[in-house]
Amino acid sequence: MRASQYLIPTLKETPSDAEVISHQLMLRAGMIRKLASGLYSWLPAGLRVLQKVEAIVREEMNRSGAMEVLMPVVQPADLWEESGRWAEYGPELLRIKDRHGREFCLGPTHEEVITDLVRDSINSYKQLPMNFYQIQTKFRDEVRPRFGLMRGREFTMKDAYSFHASQDCLQETYDKMYDTYSRIFTRLGLEFRAVDADTGSIGGNASHEFHVLADSGEDAIAFSTESDFAANIEKAEALADKEQADAPSQELEKVATPATHSIDDVSAFFKVAAAQTLKTLIVLAETNEEGKQELIALVLRGDHELNDIKVDKIPGVAVPMAMASDEEIKAVTGCGVGSLGPNLKIKTYVDRSAAVCSDVVVGANEDGFHLTGFNWGRDGELPEVVDIRNVVEGDKSPDGKGTIVIKRGIEVGHIFQLGTKYSSAMKATILNENGKAQVMEMGCYGIGVSRIVASAIEQNYDDKGIIWPESIAPFQIAIVPLNMQKSEMVKEAAEELYAKLQAKGLDVYFDDRNERPGVKFADIELVGIPHRIVIGERSLKEGNIEYKHRKGGDAQDIAVTEIDGFIDDLFA
RNA sequence: CGGGGUAUAGCGCAGUCUGGUAGCGCACUACACUGGGGGUGUAGUGGUCGCAGGUUCAAAUCCUGCUACUCCGACCA
């Protein structure tokens with residue numbers, strides 16, 4: 001492509017409303033422009049990247065045996081009423097009416113449409129399994145669109161839906177998708193992790209999220225230093241650092257601790273680490289038969305953080321988890337929040353790590369007092385032990401291998417075993433071997449295509465701009481002729497090379513603009529083209545042209561006569 | 001939805017308090033110089049100051065209402 005006939009409107013200054021680096025750089029590199037909040041136009045160079053990502057996704061999906069389809073963006077409300085989601089889905093679902101007053105929505109996802117399609121077209125177990133996918137625009141009316149393409153309202157997604165006669169068969173396709181996704185992200189040149197995810201309200205048997213690792217990621221992921229273990233921090237199991245508590249070495253002592261409430265206060269007052277203290281949190285219990293909500297105490301080590309998703313799973317606790325108010329606590333325990341400790345007369349659970357502490361500082365359940373030298377068993381009965389905290393760096397990995405490291409990730413893929421949620425609601429059945437109607441098992445598999453583009457930048461940039469992975473760069477190689485408008489020699493050499501590289505099937509960016517060298521170099525670096533060839537009179541007279549990679553290293557001279565072989569090696 | 005901020009040329013901003021001819025840098029156009037890292041000079045183009053009312057001889061500036069954008073949080077995945 002000739003730069004003089006192509007639009008890449010680069011910006012020197014960063015638009016003030018761009019917060020994250022990918023957003024800033026895509027704007028600056030002339031790849032996208034904002035139309036309205038959460039809505040972006042793709043400019044030529046940006047679209048090239050998007051299409052390269054799509055191509056890789058498409059190739060690998062096809063290779064896995066999935067079939068590509070294309071379903072409408074606008075979907076009738078009837079289908080959503082059938083699945084129950086018309087009522088279930090909140091304001092994120094953009095609802096519209098046509099001229100006849102009939103209700104429709106803009107599809108945030110396509111379970112209903114595909115299920116409708118399949119129930120009409122598939123009748124026998126003999127036809128299964130089948131896996132359908134599309135690469136298409138989705139719309140979700142996000143509460144707060146932000147971070148540019150990272151959380152837009154309109155975005156490109158690859159979504160796939162598989163149908164099965166049995167759970168075993170679903171598992172098989174699920175595993176195949178897991179492998180396909182791993183292959184896709186590897187080909188995209190991204191550093192990623194597949195993590196065990198919470199299946200949440202939909203239920204189902206298994207779910208994995210695929211995260212691109214980047215400091216700006218919205219999710220925290222825990223993984224092991226020595227094994228494949230990786231899980232969303234919300235789900236990662238937290239182990240105690242030892243089997244059982246050490247034998248007591250201190251006597252229990254009651255100490256007056258005026259104005260000492262928080263864990264920070266307590267550890268400062270007693271000059272002990274927060275890990276040598278316990279904190280007691282009070283949450284609401286489920287409403288009982290008399291319509292009253294009692295309280296439940298949760299004991300954690302002072303330095304640990306409560307995980308509310310884990311708490312939701314403890315029997316008897318109100319869902320979603322809610323902390324009791326100061327008044328409720330005072331009324332039941334007779335003391336303030338800052339002095340709570342073990343041995344309360346209400347149902348109590350203790351975290352695994354808090355259960356193996358010895359000689360710790362705890363609240364005395366009496367305002368203004370704490371106990372030191374507290375030991376379970378001797379000084380209080382050990383309540384039921386549960387896992388209710390977030391994992392922290394340095395914890396033992398749940399699979400017993402290595403320790404936990406926490407990094408941030410951007411969710412770019414999610415695979416899910418749906419089970420029969422939609423197929424049963426929408427009566428998508430087949431006849432099984434026994435001639436009986438049977439509801440199909442379903443799986444669904446999503447990839448945020450436009451989000452991948454942004455996440456690739458979050459992971460690969462420097463102070464000069466974007467550094468695209470080779471597989472998705474808008475152009476593979478740039479030719480920069482210097483002073484071509486004046487130098488016939490340079491012009492000839494550049495044109496010749498341009499023709500040659502194009503003939504090799506490469507995506508070439510030929511900067512034939514009458515700009516100063518600095519402008520061209522800066523643009524190419526900002527846009528992030530991986531390979532750069534500079535043709536100038538100076539080196540040309542010595543029979544050379546100059547090559548440099550975007551990732552750095554010094555420029556190297558290549559003899560004009562050897563350029564063919566050099567290029568072939570580069571893209572071998 | 002709660003709390004903050006912003007809206008003036010394509011981009012980044014000043015001017016608003018204290019009303020009086022709409023400005024600066026970048027970009028853009030023309031010409032000249034320059035030609036291996038966003039170069040220099042000269043001359044230009046481009047704005048209903050977010051919208052609608054109001055006050056005033058006079059409103060970017062003061063008042064009222066609205067809208068859009070944005071940040072933090074809640075929510076969602």
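Convention: sequence-line order gives letters A, B, ...; per-chain numbering from 1.
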| message | Distance check, P atoms only: B:G50 and B:U61, in whole angstrom units. | response | 8 Å
Applying the 3.5 Å cut-off to both distances, the Watson-Crick or G-U partner of B:C57 turns out to be B:G20
Atom CG of A:L35 and atom P of B:U70 are separated, to the nearest Å, by 12 Å
When rounded to whole Å, the CD to C1' distance for the pair A:E411 and B:C76 reads 11 Å
A:R513 CZ to B:A27 P, in whole Å, measures 13 Å
How far does the C1' atom of B:C62 sit from the matching atom of B:G15, given to the nearest Å? 16 Å
Would you say B:C69 has OP1 or OP2 under 4.0 Å from some side-chain N or O of A:K34? no
Check: A:R48 and A:M1 side chains under 4.5 Å, non-hydrogen atoms: yes
Which is true for A:E546 with a 4.0 Å heavy-atom rule: it touches a base, it touches only sugar-phosphate, or it touches nothing?
base
Re B:A68: Watson-Crick or G-U wobble partner, both distances kept under 3.5 Å, found to be B:U6
Would you say the ring centroid of A:H110 lies under 6.0 angstrom from that of A:Y161?
no
In Watson-Crick or G-U wobble terms, with both distances under 3.5 Å, the base opposite B:G25 is B:C11
Does B:U70 have its OP1 or OP2 closer than 4.0 Å to a side-chain nitrogen or oxygen of A:S16?
no
Exercise for review: Give the C-alpha distance, both sets of side-chain angles, the deciding distance and a yes or no for ring pair (Phe, Tyr, Trp, His ring centres under 6.0 Å) between A:Y445 and A:Y133.
Suggested key: CA-CA 9 Å; A:Y445 320 92; A:Y133 78 96; over 10 Å; no
In whole angstroms, the gap separating P of B:C26 from CG of A:L11 amounts to 15 Å
- If the P atom of B:A22 is compared with that of B:A59, how far apart are they to the nearest Å? 11 Å
So, do A:F475 and A:Y6 have ring centers that fall under 6.0 Å from each other? yes
Applying a 4.0 Å non-hydrogen cut-off, can you work out what A:N514 is touching in the nucleic acid: base, sugar-phosphate, or nothing? base
Would you indicate whether A:E305, at its atom CD, is surrounded by more than 12 heavy atoms from other residues, nucleotides or ligands within a distance under 6.0 Å? no
*Roughly how far apart, to the nearest Å, are B:A14 and B:G25 at atom C1'?*
11 Å
To the nearest angstrom, the CG-P distance between A:L93 and B:C75 comes to 21 Å
Residues of residues 481-492 of chain A with a heavy atom under 4.0 Å from any atom of RNA chain B, listed by number, are A:L482, A:N483, A:K486
Are A:R58 and A:E68 within salt-bridge range, i.e. N to O under 4.0 Å? yes
Base B:G25 paired with A:E13 side chain (donor-acceptor, <3.5 Å)
yes
Re B:U40: Watson-Crick or G-U wobble partner, both distances kept under 3.5 Å, found to be B:A32
Answer yes or no: does a side-chain N or O of A:R146 lie under 4.0 Å from OP1 or OP2 of B:C69?
no
**Asked** Any side-chain heavy atom of A:F229 within less than 4.5 Å of one from A:I404?
**Response** yes
Rounding to the closest angstrom, what is the interatomic distance between B:U55 and B:A74 at atom C1'? 41 Å
Separation of B:C11 atom C1' from A:K12 atom NZ, nearest Å, is 11 Å
* **Donor/acceptor link under 3.5 angstrom from A:R532 side chain onto base of B:G36** => no
> How far does the P atom of B:G37 sit from the matching atom of B:G12, given to the nearest Å?
Replying inline: 29 Å
Contact check, residues 147-164 of chain A vs RNA chain B, heavy-atom distance under 4.0 Å, returns A:R151
*Quantified in whole Å, what is the P atom distance between nucleotide B:G36 and nucleotide B:C71?*
42 Å
Result for side chain to side chain donor-acceptor pair (under 3.5 Å) between A:D159 and one of A:H414, A:K138, A:Q136 points to A:K138
Between A:A36 and A:K464, whichever has its closest RNA chain B nucleotide further toward 5' is A:K464
* To do: Please test A:Q171 against A:Q417 for side-chain hydrogen bond (donor to acceptor under 3.5 Å, both in side chains), starting from the C-alpha separation and ending with a verdict.
  => CA-CA 8 Å; A:Q171 184 66 43; A:Q417 294 190 14; 2.8 Å; yes
- [ ] Pick base, sugar-phosphate or nothing for A:T14, based on heavy-atom distances below 4.0 Å to the nucleic acid.
- [x] sugar-phosphate
- With rounding to whole Å, what would you report as the distance between B:C11 and B:A27 at their C1' atoms? 8 Å
Q.
Given the structure, check if the side chain of A:R516 and the base of B:G39 hold any donor-acceptor pair shorter than 3.5 Å.
A. yes
Can we say A:E60 and A:R183 salt-bridge, meaning some charged N sits less than 4.0 Å from an Asp/Glu carboxylate O? yes
pair_partner(B:C1), Watson-Crick or wobble, both distances < 3.5 Å, evaluates to B:G73
Whichever of A:E525 and A:R140 has the more 5' nearest nucleotide on RNA chain B, that residue is A:E525
| task | Using modelled atom types only, decide if a donor and an acceptor are shared between the side chain of A:R95 and the backbone of A:W86 within a distance under 3.5 Å. | result | yes
Side chain to side chain donor-acceptor pair (under 3.5 Å) filter on A:K310, not counting sequence neighbours, yields A:D387
